[in-house]
Structures are given as C-alpha cells and as structure tokens.
Amino acid sequence: MSVPYLGFGMGLRTCYFEQIISERPAIDWFEIISENYFVSGGKPWYYLSQIKEQYPIVMHGVSMSIGSTDDINTDYLKQLKRTIARVNPAWVSDHLCFSALGDFNSHDLLPMPYTEEALNHLTQRISQVQDYLERPMIFENVSSYLTYKQSHMTEWEFLAQLHKQTGCQFLLDINNVYVSARNHSFSAMDYLNAIPKESIAQIHLAGHQDFDSHIIDTHDEPVCDAVWSLFSEFSQQVSAVSTMIERDDNFPPLAELLAELEHAKALTRTHWG
Amino acid sequence: MSDLATLQHAFIALLHNENNSLANNIVDQAPLEVCQRLEIYQSAYRIRLRGVLEQDHETLGFYLGDELFEAMMDGYINYYPSQSRSLRQFGERLPEFLRITPPFSEHGILAEIAEFERILLSSFDSGDASLLRWPQLQAIDINQWPNMVLQLHPSVYFFKCAYASVESWRALKEKKTPPLADIHEPHHWLIARGTDHRTGFHPLDKKQWLCLKSIADGMPFSMVCQSIVGEFDDEQTCSMFVIGVLQLGIEQGWFSGVNMLHGTLV
C-alpha cells in the first residue's frame with residue numbers, strides 16, 4: 001500500500017474553522033480527529049463540508065484501541081466506516097496502543113508490550129479491521145512513560161516486525177519518539193535510523209512539556225529544537241513524506257502554526273524539493 | 001487469560017484505583033520510580049475526564065461552586081467510568097448521578113441543570129435537515145391542512161423543569177445571581193439549533209407545549225388542534241393558535257418539512 005504525498009498539513013481544530021474558510025491559508029491538507037465527526041450534524045460538519053471542498057482531508061482516530069484483547073468493537077468500526085464514506089479522506093490512521101477494555105474506556109493511548117504475543121495479536125486485529133473497513137489503515141507510534149518487563153524487543157524492532165508481518169504503514173510522530181526516548185533513556189536517532197523507511201506514510205510534529213526528569217506528551221507547545229533536529233536528519237533518509245504540525249491544546253494564533261509549517265518546509269527543501 | 005490480557009486488565013485496574021499489580025510488570029528505570037511512572041497514567045486519566053466535565057458542565061460548576069464541583073467530578077469519575085469510545089458521551093449519566101447521590105440529590109435543580117446542559121450538547125451536533133418555509137405550507141390546499149403532519153428539525157428537544165433550572169443557567173451564564181430554585185408550576189422549554197448553528201432555548205407556555213408535543217408525537221394538524229381544543233373557547237380560536245405556533249416555529253427553524261397523512265411528501 002502506498003499513500004499519496006500531500007505536502008505539509010495541519011491538524012484541523014475548531015478554533016481555526018472560520019479563519020481557514022475566510023482566509024484560505026497556504027496549507028496543503030488537513031487532518032481531522034475521526035471521532036469528532038461521529039455526530040450527525042451541526043457545526044463540525046457544517047465547517048468540514050466547506051473546508052473539504054478546498055483541501056484534501058485525512059482522518060486520524062484516537063479510540064480504535066487496536067491492541068485491546070477484548071472483541072473488536074464493531075459499533076465503533078461501523079461509525080468509522082460511515083464517517084469515512086462521508087469524508088472521503090486520502091487515508092485513515094489511528095494509534096498502535098490499547099485504550100479500552102470491555103466496558104471501560106481510558107481515553108488514553110496505553111502502550112503495548114513489545115512481545116511476540118502482542119505482535120501476533122496486532123497482526124490479526126489489523127487484518128480484521130482493514131477487512132471490515134475495506135481499506136488499509138495507518139498506525140501511529142505512541143509516547144510512553146513505562147517499559148513492561150515482558151518486552152523483549154525495542155519499539156523500533158517491534159514496528160519493523162509488524163510492518164513485515166502486516167505490510168501496514170506508520171504515522172511516525174517524531175515528538176512521540178523523542179518523548180519516549182527521553183523517558184526510557186534510549187537514542188531517538190537509533191529509533192529513526194532503524195525504522196523501515198518504506199513503512200512511513202505520514203509524519204507528525206508536535207510539542208510537549210519537559211519536566212527534566214521526564215517529558216509529558218501534551219501536544220500543547222511549539223515543536224522543540226531537538227524534535228526539529230530529529231525531523232531534519234530523518235527527512236534526509238526518506239523520500240518526501242506528508243508532514244504536519246499537530247497541536248491539540250493551548251492553541252496559538254494560526255500564524256504561529258503556519259510559521260512552524262514553513263520551518264518544516266525549509267528543513268526539507270533541499271532534499272524533498 | 002493470556003499474558004497480554006492479564007497486563008491490560010492490570011492497567012485498567014490501576015486507572016480504576018482497584019489494585020497496583022501492574023507495578024510488578026514495570027521495569028525500574030531511573031530517574032523515575034515505578035510508582036511515578038504509573039501515576040502519570042493515573043493522573044492523565046482523571047485530568048482528561050475532569051476536563052470533559054468542566055467543559056460540558058461549566059455553568060453547573062458555577063452553580064455548585066469549586067468545592068462541590070470538585071467533589072462531584074471525583075464521585076462521578078469513580079462511580080461512572082467512561083463506557084463510550086467518544087469523550088462527548090462521558091457526561092451522559094451525570095444527571096442520574098446527581099439525582100441519586102447525596103448531597104447533590106438533596107437539590108433537584110442540580111440534576112436538571114446537568115440535564116439541560118446535556119440537551120444543549122445533543123442539539124448542537126444533532127443531524128442536519130432542510131428547514132420548512134411558509135410558502136411550502138401555503139402551497140397546500142387548505143382542505144388538506146387537517147391531514148398535514150409537520151416534521152420537527154432533528155435539533156429540536158423539549159425540556160420540562162420542576163425547578164428554575166434554565167433561568168438559573170441563563171443567569172449564571174450572564175454572571176448574574178440565579179433566582180430561587182423552587183417554582184410554583186413546571187416550566188417548559190424548547191431547545192433547537194438556529195440557522196447560525198448556535199443552540200438556543202425558548203420558553204413555551206402550556207398551550208404551545210401541548211401543541212408542539214402533539215406535533216412531536218406525529219399527530220396530523222387536525223389532531224394537534226383537537227389535543228388542545230379544551231384550552232380554548234372555540235375551535236376557530238384554537239386553529240388560529242396552532243397556526244400561530246407554526247408561524248413561530250417556521251421563523252425559528254423548528255420544522256424541517258411536512259408530510260401528508262397518507263404519505264405524500266410536500
């Protein structure tokens with residue numbers, strides 16, 4: 001599976017709806033949070049229907065819980081499939097994690113152990129979900145704050161193996177790599193060097209809160225210098241990958257996010273064109 | 001249970017504050033203690049859910065004051081863990097929690113304010129539909145009017161209050177002192193999304209309420225009139241009143257269309 005290269009995009013958030021429609025900023029594409037459009041109508045759909053006439057849209061979910069050991073939630077998949085049909089996105093992504101179990105939903109992206117069992121479980125679930133949706137899915141690496149004793153491979157070895165077994169592609173969040181690297185004392189560049197380059201379909205760039213002893217992945221700050229450096233170095237190892245700024249809180253004026261997008265473009269201009 | 005399932009159940013138990021068995025499965029890595037690593041997830045879980053309640057029930061928070069609102073959020077998160085994939089639904093059972101949990105249950109207005117805020121949210125992102133225009137009704141032969149069945153817009157909700165909950169909500173929104181909670185007789189409201197996509201609420205008197213509820217029940221125009229004729233001196237006054245409600249509803253965007261009793265779409 002290969003996804004089209006869309007250029008440099010941004011997470012579509014409600015606070016920017018009107019400005020995007022009235023000013024048509026130079027952004028190549030937008031990523032929406034899938035679950036925000038599971039509602040029937042109203043303001044979200046009113047604005048999205050106008051924005052999607054002008055820009056390509058991709059969908060990014062936060063609640064699929066692909067790694068859960070309970071049954072696949074077909075109600076969720078039904079809603080997702082219905083929304084995909086209405087949005088017609090360039091691709092659809094979610095996270096490599098579990099978030100729900102039984103009736104309980106944590107609304108968090110809880111990490112998987114890096115074991116053979118988890119690998120085989122994910123391989124089976126990804127296949128089930130893709131069959132149901134009748135389209136390939138892309139999965140994002142999550143940031144984490146703990147390492148399971150059961151893990152017997154690194155995260156990047158786990159991803160490489162998953163790609164080999166399923167052929168699925170990844171949404172590489174370079175901020176998440178940096179957050180986990182700092183929290184678990186591994187080299188973020190080792191991670192980026194090792195991950196199969198052909199597996200990367202999209203890149204997220206975001207910010208976090210740095211508490212010195214650890215980092216919390218908040219996506220509410222500008223992209224930090226260390227993440228920019230990682231992105232710059234990684235971008236030289238891959239052909240052009242659709243890249244976006246993901247801001248989820250503490251929203252600045254749109255111009256600030258556009259400036260970050262310009263910076264991302266500048267860092268890749270020589271090799272991505 | 002598989003190792004993976006055991007680990008996931010232990011993680012969920014940790015978030016529920018049920019047990020800490022997950023700690024035995026976590027690598028001890030400096031500089032953070034294992035318990036600090038687990039606390040990051042425990043805190044994030046509660047912070048996220050509290051954020052949803054603060055956003056969805058901001059005005060209820062003003063009514064309760066900080067201390068009670070904190071207690072309400074803690075209690076609700078403990079007893080009503082999220083069962084939905086979307087955070088949008090997390091607060092759905094808050095009115096129920098407030099109705100049955102002391103000390104909140106001693107003040108019936110609290111559950112009503114929460115319910116009102118839930119209805120505002122539901123109306124806000126309900127389905128879209130075209131709006132009925134007056135010329136569409138005028139085009140119907142007057143002899144056929146008794147057979148017409150009006151369709152309410154999907155964003156229309158009805159709300160009957162035993163307390164001054166909507167008035168209190170509005171006062172707090174305007175940073176004014178809310179009125180006394182007790183009222184002599186029930187107050188009726190219609191909530192709907194306007195053409196500007198904002199959600200609005202409109203007081204209804206008893207006759208308007210009965211009339212619109214009959215329409216909501218799918219009754220044709222003739223039966224809508226019959227359902228409230230007892231409130232009037234004669235049938236003609238009653239019909240004129242119902243037509244007045246239709247005019248108001250069309251102006252406000254409460255109707256999405258009209259069918260004829262025998263299935264003809266207008």
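Numbers restart at 1 for each chain; the letters A, B, ... are given by sequence-line order, proteins then strands.
Proximity to chain B involves both the backbone and the side chain of A:Tyr148, based on heavy atoms less than 4.5 angstrom apart. Both the backbone and the side chain of A:His107 have a heavy atom closer than 4.5 Å to some heavy atom of chain B. Both the backbone and the side chain of A:Ser144 come within less than 4.5 Å of a heavy atom in chain B. For B:Leu7, the part sitting under 4.5 Å from any heavy atom of chain A is the side chain, from C-beta outward, and nothing else. Within the 4.5 angstrom heavy-atom criterion, only backbone atoms of B:Asn24 (N, CA, C, O) approach chain A. Heavy-atom distances place no part of A:Thr115 under 4.5 Å from chain B, backbone and side chain included. Only the backbone of A:Met64 comes within less than 4.5 Å of a heavy atom of chain B; no side-chain atom from C-beta onward does. Heavy atoms of B:His9 lying under 4.5 Å from chain A belong to its backbone as well as its side chain. Residue B:Leu32 touches chain A through its side chain alone, counting heavy-atom pairs closer than 4.5 Å.
At a cut-off of 3.5 Å, with distance as the only test, a side-chain donor of A:Gln150 or B:Asn25 sits close to an acceptor on the other residue. In the model, A:Ser185 has no side-chain atom that pairs as donor or acceptor with a side-chain atom of B:Gln29 under 3.5 Å.
Within the 4.5 Å cutoff, side-chain heavy atoms of A:His214 are placed close to those of B:Ile40. The side-chain heavy atoms of A:Asn105 and B:Arg85, taken from C-beta on, include a pair separated by under 4.5 Å.
Proximity to chain A among residues 118-125 of chain B is limited to B:Phe124, B:Asp125, judged by heavy-atom separations below 4.5 angstrom.
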Is there a side-chain hydrogen bond (donor to acceptor under 3.5 Å, both in side chains) between A:Thr69 and B:Gln8 once you walk through the steps?
CA-CA 8 Å; A:Thr69 47; B:Gln8 292 187 346; 2.9 Å; yes
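Here B:Asp28 contributes atom CG and A:Leu146 contributes atom CG; the two are 12.0 Å apart, rounded to the nearest 0.5 Å. Expressed to the nearest 0.5 Å, how far OG of B:Ser2 lies from CG of A:Asn120 amounts to 11.5 Å.
With hydrogens and angles ignored, the 3.5 Å screen pairs a side-chain donor or acceptor of A:Glu117 with a backbone N or O of B:Leu4.
Ring-centre distance between B:Tyr45 and A:Phe104: below the 6.0 Å cut-off.
Heavy-atom contacts from other residues, nucleotides or ligands closer than 6.0 Å to CG of B:Asp196 number more than 12.
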